[in-house]
Structure formats: structure tokens, C-alpha cells
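Data first, discussion second: the structure below is written as C-alpha cells.
Numbers restart at 1 for each chain; the letters A, B, ... are given by sequence-line order, proteins then strands.
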Protein chains: 2
Amino acid sequence: MERKEVQTRRMKGYFIQAAKEILRGEGFRSISVRNIADRAGYSYATLYNYFKDLQALIFDCVSDFQDECTLFVSGKVQKTQQGVPRIKAIVRAYMQYFVQYPGIFELFFIEKLSDSGSRQSLMELIATHLDQLCSDAWDFCVQENRFSREDVGILRIQIRNMVTGQLLFYIHRRTPESYQECVEVMEKQINYLLDN
Amino acid sequence: MERKEVQTRRMKGYFIQAAKEILRGEGFRSISVRNIADRAGYSYATLYNYFKDLQALIFDCVSDFQDECTLFVSGKVQKTQQGVPRIKAIVRAYMQYFVQYPGIFELFFIEKLSDSGSRQSLMELIATHLDQLCSDAWDFCVQENRFSREDVGILRIQIRNMVTGQLLFYIHRRTPESYQECVEVMEKQINYLLDN
DNA sequence: ATAATATATTAACAGTGTTAATATTTCAAA
DNA sequence: TTTGAAATATTAACACTGTTAATATATTAT
């Protein structure tokens with residue numbers, strides 16, 4: 001009974017791995033049951049022995065990518081000093097991650113991952129992810145009297161919206177045209193908000 | 001030769017009308033060539049006699065909706081005094097329009113309307129639409145020395161990102177859960193930006 | 001080795017956009 | 001008004017999509 005467990009988990013892993021490769025590479029539009037199964041080395045119907053449907057598989061991918069994103073940002077930011085500089089660094093790294101993998105941005109913010117059991121909670125995790133990453137830095141700011149608790153409450157959402165909006169227009173609509181421009185605009189925005 | 005013109009335009013109109021109804025009602029996910037043609041009272045292949053492909057038809061819908069949105073906002077705002085109050089009213093009306101028709105929001109900001117001739121320019125029109133609506137009000141603010149030209153340049157993008165991000169999370173991810181909450185958050189954000 | 005169970009695969013269905021071949025309608029000339 | 005040509009509409013088909021039921025193949029226990 002325990003070997004079953006590990007075997008099943010391994011099989012799921014093959015499909016998840018395949019799906020993640022496609023999402024990272026070609027993006028969400030190239031995802032299909034047959035495509036994933038091919039890459040995993042199985043028939044398309046086999047996937048349904050391990051996942052309720054395609055959505056369930058994709059949800060597992062989302063969780064994985066979220067952890068991956070957290071690691072990426074944490075690694076890039078640890079040396080930066082706490083407070084405002086840390087927040088700026090987190091936002092930069094966060095954007096960098098999604099620009100590097102546009103398919104993951106689409107997966108997180110664009111695709112209508114339709115209703116399922118744990119859908120709502122996972123969607124909430126995505127919506128508050130950047131916020132969570134900045135949590136300590138915000139606390140630091142409050143303790144240092146850099147911002148009031150009230151202002152922080154507003155600024156958190158403001159930055160979340162600003163970053164998501166900026167990424168939406170750049171990744172999805174090529175506005176602005178270059179990544180450099182995109183970052184420059186973002187820096188201006190965040191400086192306007194945080195430097196006072 | 002002129003009757004051909006008017007006939008063709010009329011036929012296109014039938015399909016556009018049908019597509020717009022579906023987009024307004026069921027949203028983008030319910031759009032299909034057969035669905036549109038059914039509603040227009042023709043076979044699915046007939047559509048291809050008047051549009052290069054489905055994308056072309058949808059692009060025409062986008063243009064229509066954009067004009068419609070402009071009219072909606074203008075109508076709701078004309079009595080509001082110029083400057084900051086006008087900007088706030090415009091943003092409120094703009095959000096209201098898309099909340100009323102979530103399918104149109106998806107069409108404008110979510111769907112990957114893939115490459116075509118006039119794609120880029122149309123996408124740019126969408127990205128700058130809210131900006132255009134606020135244009136006069138911003139000029140008024142500068143003339144009254146309420147904001148510097150520099151700050152206005154930043155604030156315009158900030159508001160565009162804030163509104164789009166807020167709508168993305170609300171319409172697409174149900175965050176926050178109620179429209180009232182959504183508006184309240186938005187008001188806080190915009191007040192923070194514009195009241196000084 | 002055989003019977004029972006678990007797993008993998010193929011076939012099929014209803015849906016999608018799109019095109020080519022056909023059917024129908026429109027309309028000008030005889 | 002009838003005939004022939006051009007324009008327009010429709011059906012059939014293709015390659016996709018997700019998903020399920022029926023079938024084939026492995027694995028395991030007796």
C-alpha cells in the first residue's frame with residue numbers, strides 16, 4: 001500500500017513535469033492533454049488515471065510555480081537591506097520572474113482556471129503572493145515609522161495592482177515595447193509611491 | 001457597385017451584432033463561429049465570406065465596444081466639475097462599465113487577440129483609452145497647478161495600472177468578493193493618489 | 001500457472017476554427 | 001421570360017480540443 005503511494009506520486013510527477021515544461025516554454029496556449037501525455041511518455045487517457053481532469057493537473061503546476069517564484073525572489077533579495085529598499089528589490093525580482101516565463105504569468109493572472117474544490121483558496125494565494133513576499137519589509141517600515149499602518153494598507157494593494165497591471169500590459173499587450181522601458185516605468189511608479 | 005457596399009456592410013453588421021450580444025451576455029468563452037452564425041441566422045461558413053477569420057470579426061466588436069464605453073463614461077461625467085473630481089468620476093464610470101459587462105473586460109484586457117494587421121494600434125488604443133478619457137481633466141489640473149507635468153505623467157500610468165489591476169482581480173478572481181468592496185478599495189487608492 | 005486486479009491504450013463523442021466542394025440564389029442579356 | 005453566368009450560402013470534411021467507456025495489457029496474489 002505504501003509502494004502504491006510512491007508509484008502514484010511518481011506518475012503524477014511525470015505529468016506535472018511535462019506540463020510545467022510546456023508552460024515554461026511554449027506557454028499556456030500550447031497546453032493540451034495529448035501534448036502533456038506525449039511528453040510524459042504515456043497515452044492521453046492515462047492522465048485521467050492520476051488527475052480528475054486537466055484543471056487539477058494545472059492547479060498542481062500553479063502550486064509548484066508559486067513555490068519556485070518565492071525561492072527565486074528570496075534568493076535575489078536576501079542581501080538587500082530591510083524596509084523600502086527590500087520592497088523595491090522584491091518587486092523587481094517578482095517582475096523579472098514573470099517576464100522570464102510569460103506562460104506562468106498567463107497561468108497565474110490571465111487564465112480562467114474554472115471552479116474546482118480548492119480553486120478559491122489558490123486564487124487568493126496568487127492574489128496575495130507579492131504581498132506575502134513583502135510582509136516583513138512592510139512591518140519593518142511601520143516599526144521605523146517610515147509609513148503608518150493605514151498607509152501601508154493602501155500601499156500594499158496599490159503596489160500589487162501596479163505590478164500586475166504593468167505586467168499585464170507588457171507581457172500581454174507589448175506596452176511598452178521593451179523590458180527595459182517596462183522596468184523604468186515600474187521604478188518611477190514605485191519611487192513615486194515609496195520615496196517621500 | 002454601391003448597393004454591394006451597403007449589402008455587405010449590412011451582412012457584416014448582422015454578424016457583429018450577434019457576436020456583441022454573446023460577448024455582452026455570456027462572455028468571450030461562449031463565442032464560437034457556429035454560435036455567432038446561428039444567432040445571425042446564417043450558416044457558420046457564411047461568416048467567412050465577410051470576415052477573414054473570427055479574429056477580424058472580434059476586432060470589429062472591440063472597436064464598437066470602445067466607442068460605447070466612451071459614450072457611457074462621457075454621459076455619466078459631464079456634469080462633474082473639471083479636474084480631480086472629474087478624474088475620479090471618470091474612473092468610477094469606467095470601472096462600472098466593465099463590471100457591468102465582464103465579457104468586454106476579458107475581451108479588452110485578457111484575451112490574446114493574436115497578431116493581425118491593425119492589432120498593435122488597436123491594442124494601444126485600449127491601453128491608452130482611460131488616459132484619453134481623462135486627458136482634459138489632467139490638463140486642467142496642470143493649468144491650476146494642482147499637479148506638475150512630471151507628476152501627471154506618473155499618475156496617469158499609475159491610475160491606469162491601478163484600475164486595470166483592480167478590475168482584473170475583481171472580475172477575474174473575485175477579489176474582493178463584492179462590487180461595493182471593490183469600489184471602496186478603488187476609492188481609497190485614488191484618493192491616496194490625488195488628494196494631497 | 002492461473003485468476004483477479006490494477007493500469008494503460010484505443011475508439012468514440014461533442015465541441016472548436018477553417019477550407020474546399022457543392023448547392024442555391026441573384027441578376028443581366030437574349 | 002428564359003437562359004447562363006456570377007455571387008453568395010451551405011454542407012462535408014479536416015485537424016484540433018477535453019473527456020469517457022470499452023478494451024487490451026501488466027501486475028500481483030493465490
Which label fits B/Phe15 and B/Phe51: parallel for a plane angle under 30°, tilted from 30 to 60°, or perpendicular past 60°?
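Because their plane-to-plane angle is over 60°, the rings of B/Phe15 and B/Phe51 count as perpendicular.
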Angle class for the A/Tyr94/A/His129 ring planes (parallel below 30°, perpendicular above 60°, tilted otherwise)?
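Perpendicular, since the angle between the ring planes exceeds 60°.
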[N] [atom2] sits how many Å from [X] [atom1], rounded?
| X | N | atom1 | atom2 | result |
| --- | --- | --- | --- | --- |
| A/Asp38 | D/dC16 | CG | P | 12 Å |
| B/Tyr48 | C/dA21 | OH | P | 17 Å |
| A/Tyr14 | C/dA8 | OH | P | 11 Å |
| B/Asn49 | D/dA9 | CG | C1' | 7 Å |
| B/Phe51 | D/dT8 | CZ | C1' | 15 Å |
| B/Leu113 | C/dG17 | CG | P | 14 Å |
| A/Arg10 | C/dA8 | CZ | P | 12 Å |
| A/Gln55 | D/dG18 | CD | C1' | 10 Å |

With heavy atoms under 4.0 Å as the rule, sort [X] into base, sugar-phosphate or nothing.
| X | result |
| --- | --- |
| B/Tyr44 | base |
| A/Tyr42 | sugar-phosphate |
| A/Ser43 | base |

What do you reckon, are the aromatic ring centroids of B/Phe109 and B/Phe98 less than 6.0 Å apart?
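Between B/Phe109 and B/Phe98, the centre distance is under 6.0 Å.
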Do the side chains of A/Glu26 and A/Arg39 get close enough for a salt bridge, i.e. N-O under 4.0 angstrom?
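Salt bridge present between A/Glu26 and A/Arg39.
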Among [options], the one nearest [X] by side-chain distance:
| X | options | value |
| --- | --- | --- |
| B/Ser32 | D/dA9, C/dT16, C/dA8 | C/dT16 |
| A/Ala45 | D/dA12, C/dT10, D/dA9 | C/dT10 |
| A/Val33 | C/dT9, D/dG18, C/dC27 | D/dG18 |

What I want to check is whether an N or O donor and acceptor connect the side chain of B/Tyr50 with the base of D/dA7 at under 3.5 Å.
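When only heavy-atom distances are counted, B/Tyr50 does not reach the base of D/dA7 through any donor-acceptor pair under 3.5 Å.
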Select from B/Arg34 and B/Met11 the residue whose nearest nucleotide in DNA chain D is closer to the 5' end of that strand.
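The residue mapped nearer the 5' terminus is B/Met11.
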For the backbone of B/Asp131 and the side chain of B/Thr128, can you confirm whether one donor and one acceptor N or O come within less than 3.5 Å of each other?
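Not confirmed, B/Thr128 side chain does not pair with B/Asp131 backbone.
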